[in-house]
Amino acid sequence: MSLAGIFLITFLLVHMGINLLVIIFDDPMVYNRAAHFMSSNILIKIFEIVLFGGLLLHVIFALILQVQNWFARPRRYNKANYSNTSFFSKFMIHTAGIILVFLIIHFIDFYFRVKFGHSTMIHVDGVMYHDLATEIVDKFKLLPFVIFYIAAFIFLGFHLIHGFQSAFKTLGLDHKKYTPVVQALAFIYTVVVVAGYSIIPLVIYFK
Amino acid sequence: MNLKLKIWRQKDTQNRGKFVNYELRDISPDSSFLEMLDILNEQLVTRNEEPVVFDDDCREGICGACGMYINGHPHGPDTLITVCQLHMRKFKNGDTIVIEPWRARAFPMIKDLMVDRSAFDTLIQEGGYVSVNTGSAPDANNIPIKKEFAELSMDAAACIGCGACVAACKNASAMLFVGAKVSHLSLLPQGKVEARERVKRLVAMMDKLGFGNCTNTGACEAECPKGINMTNIARLNREYYKAAF
């Protein structure tokens, strides 16, 4: 669970780095070439399978653990959740559900379109590219998409702020001196990821 | 002070149970929470009604026998105390106090506010001991132990096994209790010998008894009357990985 989580945390940074190319460069081919590399390189293709495996494991373990946790307290308290704990840790399964719904919609929007050949193709220097950059720009010109994506990123942030540091503790890494550092890193990482992903639809919409 | 009490009443495991409202008048703010319940029970007996059943023993905050879920907190709203050390001055005149039993599958209901916490005894039988005969108390410093480890071990040994960690945890997990036992024993040379076997047995038994899983929420640490730290949970995880691989 924690290892798969840390793996997904790393992937989020890579994905964000590539996505930012859309707004950093005016030439859409910069992003298209990066996306082309990501979908054609053999190493990345293997990594893609590992990534889906990691995501699947994370979801399956979460479901098993959650069902066990519900069974561990068959009768609920009348007054519960008043303990002084981190707010977001109480709602991990709920934020996870929202992220999963977002992921399905996100896959239908982009990933499946590319995989099943529904995206627009362009021909540059004898190579066929998916014109994903234009598709992203078209999509984020619509306000409901912008709002939906940013809302999903905020919920992802709620999930990450606890998940990041909890993963370390589950791996047995808790230390008087280093845990505050991990917690600070979790906060910085979450802010960077939420801001980094959110800025893409915002810049495209207001451009 | 005058109080309204909303107390969980349940005849036995077969019965569904329900909240019953009581009103108490002229309770001294200096009385303890259990004394307040004693006063209620005296009144109930006088009225020929069944008194409220709850666990208690030493009433000095050290045995871990008492325990109930008061206004959303195990052992009530105060910190680092058991319910017998909770005083009515922590409440206001006219307050409504909701009192529930510990709720966990591993702690089956006995009656009213009393649950069966023998799952903790089962865990102790499974690994909360060292197999060697340690004899009588040895001379001080006979076995050299680093001060840091001695202190960590003693901090973990402060656990009184009241079950507040399980009651507080949204997943009814016993990781803090088991973590405290593992830390207490595995940090000392006497307990190191069977550290690997102990942690494997304890974790297997914890799962078998129906406790939930830890999500590092930290309610256990926030509500523990003895201030057992969550670093013991990470140590339990560490010890488990060491034993498993």
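Proteins get letters first, then strands, A, B, ... in listed order; numbering begins at 1 in each.
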### Side-chain heavy atoms of B:Trp8 within contact of A:Arg75, under 4.5 Å
yes
#### Entry: Smallest separation among heavy atoms of B:Glu223 and A:Ser83, with atom names
OE2-OG, 2.7 Å
### Task
Select one option (side chain, backbone, both, neither) describing which atoms of A:Thr170 are under 4.5 Å from chain B's heavy atoms.
both
### Message
Within the supplied structure, the quantity of interest is the number of heavy atoms (other residues, nucleotides, ligands) at a distance under 6.0 Å from A:Arg76 CZ; does it exceed 12?
### Response
yes
### A:Arg73 (side chain) donor-acceptor with B:Arg105 (main chain) under 3.5 angstrom
no
### Query
How many angstroms lie between atom OH of B:Tyr69 and atom OH of A:Tyr82, to the nearest 0.5 angstrom?
9.5 Å
#### Entry: Atom CZ of A:Phe47 with >12 non-hydrogen neighbours under 6.0 angstrom
yes
#### Entry: Side chains of A:Asn78 and B:Glu100 in contact at under 4.5 Å (non-hydrogen atoms)
yes
### Message
Quick check: closest heavy atoms across A:Lys90 and B:Thr217, and the distance to 0.1 Å?
### Response
CG-CG2, 4.2 Å
### Message
What's the separation between atom CG in B:Asn216 and atom CD in A:Gln165, rounded to the nearest 0.5 Å?
### Response
7.5 Å
#### Entry: Heavy atoms of other groups near A:Lys139 NZ, more than 12 under 6.0 Å
yes
#### Entry: CD on A:Gln68 to CG on B:Asp207, rounded to 0.5 Å
7.0 Å
#### Entry: A:Ile199 atom CD1, over 12 foreign heavy atoms within 6.0 Å
no
### Part of B:Pro101 within contact of chain A (heavy atom distance under 4.5 Å)
backbone
### Query
What is the distance from atom CG of B:Asn213 to atom CG of A:Asn69, rounded to the nearest 0.5 Å?
4.5 Å
### Query
How long is the gap from NZ on A:Lys79 to OG1 on B:Thr96, to the nearest 0.5 Å?
8.5 Å
### Query
Between B:Met230, B:Arg103, B:Arg238, which residue shows the highest count of heavy-atom pairs closer than 4.5 Å to chain A?
B:Arg103
### Query
Tell me, side chain or backbone of B:Phe211 under 4.5 Å from chain A's heavy atoms, or both, or neither?
backbone
### Task
Look at atom OH of A:Tyr77 and say whether more than 12 heavy atoms of other residues, nucleotides or ligands are closer to it than 6.0 Å.
yes
### Task
Report yes if the side chains of B:Lys170 and A:Thr85 come closer than 4.5 Å at any heavy-atom pair, otherwise no.
no
### Summary
Minimal heavy-atom distance between A:Ala72 and B:Asn171, with the atoms involved, is CB-O, 3.5 Å
### Query
For A:Lys141, does the NZ atom sit with more than 12 other heavy atoms under 6.0 Å from it, leaving out its own atoms?
yes
### Message
If you count heavy atoms of other groups shown closer than 6.0 angstrom to NZ of B:Lys4, is the number above 12?
### Response
no
### Task
Inspect the surroundings of CZ in B:Phe120 and state if more than 12 heavy atoms from other residues, nucleotides or ligands are less than 6.0 Å away.
yes
### Task
Could you tell me whether a side-chain N or O of B:His73 sits under 3.5 Å from a main-chain N or O of A:Ala80, the two making a donor and an acceptor?
no
### Query
What part of B:Phe19 is in contact with chain A, defined as an atom under 4.5 angstrom from a non-hydrogen atom: side chain, backbone, both or neither?
side chain
### Query
Which bit of A:His175 comes within less than 4.5 Å of chain B, counting heavy atoms only: side chain, backbone, both or neither?
neither
### Query
Checking heavy atoms, do the side chain of B:Cys169, its backbone, both or neither come under 4.5 Å from chain A?
backbone
